[in-house]
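Okay, structure first, notes after.
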Amino acid sequence: MGRFASAPKCISCAKSVYAAEELHALGTLWHKTCFKCEACQKRLDSGKETEHDGKPYCKNCYGKSFGPKGIGGGATAGCLAVKAEPAAAAATATAPEVVAEPEAAAEVAEADDDE
């Protein structure tokens, strides 16, 4: 073994990582320049990534790849669209009728007269 202990290796490129260029994220050691989104290759900061199978993703790519599917899925998953009713079903739906009893209507009318 040599005189000096070898530097830890980057999980991405397997090269030595020195203190000035190290980044601790996802439980491993990375070069700052190697810590990129797996899908779009955008550089990430520690704490601003999401992880899937031990690989880093930016929040946008993670949502597109692993988030909810369907209308508005992925990056806009927080505001999913609601499927509208067909027009025929909406036209036939009616609000419940309110039927007042004659005695109750008379009491309301008397209360209005007293004021």
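Worth knowing before you read on, the calculation uses all heavy atoms, side chains too, and leaves out hydrogens, waters and symmetry mates. Nothing fancy with the numbering, it's 1 onward along the sequence.
- More than 12 heavy atoms of other residues, nucleotides or ligands lie within 6.0 Å of NZ in K9, so this atom counts as buried by the packing criterion.
- Side-chain atoms of T50 come within 3.5 Å of backbone atoms of Y57 as a donor-acceptor pair (strictly under, hydrogens ignored).
- Minimum interatomic distance between Q41 and E38 (heavy atoms only, all atoms of both residues): NE2-O, 3.2 Å.
- The SG atom of C40 sits 7.5 Å away from atom CG of N60, with the distance rounded to the nearest 0.5 Å.
- Separation of atoms CG (L29) and OG (S16) is listed at 10.5 Å; rounding is to 0.5 Å.
- When every heavy atom of K36 is checked against every heavy atom of L44, the shortest pair comes out as C-CD1, 3.8 Å.
- Summarising the geometry, atom CD belonging to E21 is positioned 8.5 Å from atom SG belonging to C10; distances are rounded to the nearest 0.5 Å.
- Ring pair F66/H52 is parallel by interplanar angle, where below 30° counts as parallel and above 60° as perpendicular.
- We find the CZ-CH2 distance between F35 and W30 to be 6.0 Å, quoted to the nearest 0.5 Å.
- Considering NZ of K42 and CD of E49, their distance stands at 12.0 Å, rounded to 0.5 Å.
- From S65, atom OG reaches atom NZ of K55 across 12.0 Å, with rounding to the nearest 0.5 Å.
- Looking at heavy atoms from C-beta onward, K32 lies out of side-chain contact with E22 at the 4.5 angstrom threshold.
- Residue I11 places its CD1 atom among 12 or fewer non-hydrogen atoms of other residues, nucleotides or ligands, all under 6.0 Å distant.
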